[in-house]
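In what follows, chains are A, B, ... by sequence order, proteins preceding strands, each numbered from 1. No experiment lies behind these values; they were computed from the predicted model shown.
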Amino acid sequence: MSDFDDTFVEIEGAASPDEALVVAVDGFEGPLDLLLSLARNQKVDLAKISVLELAEQYLAFVESARSRNLELAADYLVMAAWLAYLKSRLLLPQAAPEGETPADQMAELLRLRLQRLHAIREAGARLMAGNHLGREIFARGMPEPVEVVRVQEQIDSLYDLLTAYSRERLKSVAVRAYKPGHAPVLLIEEARERLERMLGRIGNWSALARLLPPEWSSGVRRRSGMASTLLACLELARDGRIELRQLRPFDEIYVRDRGVREDTEMV
Amino acid sequence: MNQVVRLADIMAKGEIEEHAGPEEVAPRLDAEHLRMLEAILFAASEPLDEAALGRLLPQGTSVAALLAELQEIYRARGVNLVKVAGKWQFRTAPDLSFLLRREKPEQRRLSRAAIETLAIVAYHQPVTRAQIEDIRGVALSKGTIDALMEVGWVKIRGRKRTVGRPVTYGTTEAFLVHFGLESVGDLPGADELKAAGFLDALPASGLDIPAPSENLAPDEDPLEESDPGEGEDNAV
Amino acid sequence: MNQVVRLADIMAKGEIEEHAGPEEVAPRLDAEHLRMLEAILFAASEPLDEAALGRLLPQGTSVAALLAELQEIYRARGVNLVKVAGKWQFRTAPDLSFLLRREKPEQRRLSRAAIETLAIVAYHQPVTRAQIEDIRGVALSKGTIDALMEVGWVKIRGRKRTVGRPVTYGTTEAFLVHFGLESVGDLPGADELKAAGFLDALPASGLDIPAPSENLAPDEDPLEESDPGEGEDNAV
């Protein structure tokens with residue numbers, strides 16, 4: 001506890017009686033801090049300070065501030081009122097009024113609060129004076145970052161390989177064996193099944209040409225693709241599931257989903 | 001393309017353990033695991049806990065035993081293996097601070113009020129604003145708590161189950177890491193403060209101040225996700 | 001609380017210099033300097049040269065000798081002291097660099113064209129691009145062969161002794177490893193494929209499936225060192 005003195009002398013600086021106190025009032029962190037500073041001036045263990053003396057010093061300080069027309073914050077005045085009351089109680093020792101704490105207990109409580117503040121303040125000072133990471137103690141100056149490496153992992157199996165090979169070889173054999181004589185035709189049923197799967201995903205007035213299966217949308221196959229898809233569309237239009245529109249003969253034919261139209265009208 | 005040195009390869013080589021005695025059951029494995037642990041901790045920028053280390057080491061490694069051994073190896077060295085906030089980190093030895101000490105100019109000095117408040121939060125946690133004000137005998141400005149939260153040393157940790165359910169403050173993991181503490185129980189002088197009764201509640205003030213603890217106090221609720229928490233600040 | 005390992009304690013114990021020979025004049029002092037050097041290098045935010053280290057260490061320290069000793073201490077450890085471009089720093093041991101790498105596997109599958117091409121290369125090797133195209137009935141895009149070479153399953157193995165001397169493709173060792181084959185001769189033949197149900201749709205005429213070989217074909221020349229090989233690709 002004796003090393004507290006050093007800390008305190010420093011905080012108080014040139015705090016000689018009354019004069020310095022008034023000047024330094026702004027430097028105090030509230031009335032308890034001021035009381036603690038006054039108590040330290042008694043140069044005794046905080047547990048043994050004279051609370052009566054302390055109260056008188058505090059009240060004298062407040063009086064001196066008043067006489068110099070210095071304004072004191074409200075909490076300093078609240079403390080002054082309490083200390084004045086405590087002082088009167090201490091000076092006239094008698095049984096405490098009903099429901100009130102005895103004066104010596106009030107005094108003891110003040111001592112405890114001062115000790116507690118002093119102790120925690122000391123602890124804070126010790127903490128800050130201790131080792132700080134980055135000030136006295138250092139972690140690795142050049143930490144080595146973790147590198148995330150993407151590793152490509154082929155998951156093709158022997159089965160895949162053999163399937164691919166068989167498929168490839170069978171294709172050539174099949175072409176040779178069947179000699180297909182008939183022209184490739186997209187069946188109307190196929191076109192209709194495909195369109196039905198697309199229902200709900202057809203945009204508002206999509207061009208018919210854009211609805212062709214990719215493998216039936218170019219070259220000679222396009223004709224069959226177009227014809228069968230148009231027929232399938234007519235069937236679906238008859239069933240009331242889609243609508244068709246053509247602005248003039250031979251112009252592009254547009255398709256829309258009836259479901260889509262209802263949605264857009266609602267909006 | 002990615003020529004990765006496989007664990008198995010290294011372990012098969014077992015180049016390191018020249019000093020392995022015959023009585024050691026699995027000396028090759030241990031020495032190699034020790035090297036791995038050393039490398040992981042050396043490379044890391046943050047303290048690592050045992051679970052994280054366990055995930056990086058081969059399965060079945062006794063991380064705790066390895067850490068104890070590594071700590072012993074480095075005990076008297078210029079770099080020590082220390083446990084902070086329940087995690088492990090290599091740090092320069094405290095006695096070499098005279099050699100390494102650097103004051104960072106940007107390291108903002110905390111105000112006296114802030115340091116005092118930090119100490120109260122650290123030693124008394126969980127603690128409410130009212131309790132801080134009671135100990136200091138003065139109103140706590142919002143800026144003081146803000147400064148401590150900004151440094152990252154103090155956080156809102158819950159709400160007290162009393163009237164108004166005030167938020168409670170506590171210290172963060174960053175606080176422990178910064179001051180090199182394993183837990184708040186290791187705060188310097190905590191035992192003395194407690195023994196002197198300074199961490200107890202004062203009778204007349206009706207305060208309930210237990211010893212610092214990171215666990216929820218009996219009358220403390222955890223902060224909920226949706227809980228704004230900060231709201232309390234405006235009330236003062 | 002602050003358990004500081006004191007300079008004096010360590011020097012009194014003299015724990016560091018177990019290997020200190022009797023000819024060393026001031027081994028205790030060196031041990032302390034070694035700790036300092038260790039801490040300085042550990043905490044440094046950039047590699048340091050001997051001149052810089054000399055300025056940080058007490059006057060009269062033999063930096064070079066200390067560095068050599070520290071390097072030796074860390075030689076077989078998880079972290080090594082290395083000199084890069086005349087400056088010293090601690091680095092994770094090269095054989096443990098995998099610890100600083102997290103592999104993120106990405107599963108990939110060959111495109112249909114690629115696996116078909118691979119299958120043809122495997123069965124028909126040595127095979128030229130023209131032969132592959134002939135079997136598949138479609139032109140082979142440059143990307144397909146490139147992809148297979150990149151995965152490391154297909155290589156250029158020689159040149160065919162015909163007009164234009166086209167390069168011949170074959171499979172690699174990595175191909176055999178991945179698909180679990182001892183040699184390309186282990187690829188199932190027509191009977192086995194049929195038995196396994198791969199050729200169910202096969203018409204009566206049957207299919208001529210070659211017996212692949214890694215040996216040079218009679219009409220194939222080995223690829224010479226100076227042969228760029230790839231040149232052929234541009235011709236198609």
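- Partner of A:Q154 under the side chain to side chain donor-acceptor pair (under 3.5 Å) criterion, out of C:R108, C:R109, C:H178: C:R108 alone.
- Using a 4.5 Å cut-off between heavy atoms, A:P143 makes no contact with chain C at all.
- Residues C:A43 and A:F138 come closest through the heavy atom pair CB-CB, 3.6 Å.
- Closest approach of C:A119 to A:Y165, counting heavy atoms only: CB-CB, 3.5 Å.
- Taken from CD in A:E144 to OG1 in C:T92, the straight-line distance is 3.5 Å, to the nearest 0.5 Å.
- Listed here is the closest heavy atom pair of C:F179 and A:D156: CE2-O, 3.5 Å.
- Taking a 6.0 Å sphere around CD of C:Q71, one finds it holds more than 12 heavy atoms contributed by other residues, nucleotides or ligands.
- Distance check: A:E153 CD to C:Q107 CD gives 5.0 Å after rounding to the nearest 0.5 Å.
- Across all non-hydrogen atoms, the minimal contact from C:P210 to A:R169 is CD-NH1, 4.2 Å.
- Counting heavy-atom pairs closer than 4.5 Å to chain C, the top residue among A:D160, A:I137, A:L161 is A:L161.
- Contact record, C:E116 with A:E168: OE1-OE1, 2.6 Å, taken as the closest heavy-atom pair.
- Heavy atoms of A:T163 lying under 4.5 Å from chain C belong to its backbone as well as its side chain.
- Across A:M142 and C:S45, no two heavy atoms sit closer than the pair CG-O, 3.3 Å.
- With a 4.5 angstrom heavy-atom cutoff, C:L118 touches chain A via backbone and side-chain atoms both.
- A 6.0 Å sphere centred on CG of A:D251 holds more than 12 heavy atoms belonging to other residues, nucleotides or ligands.
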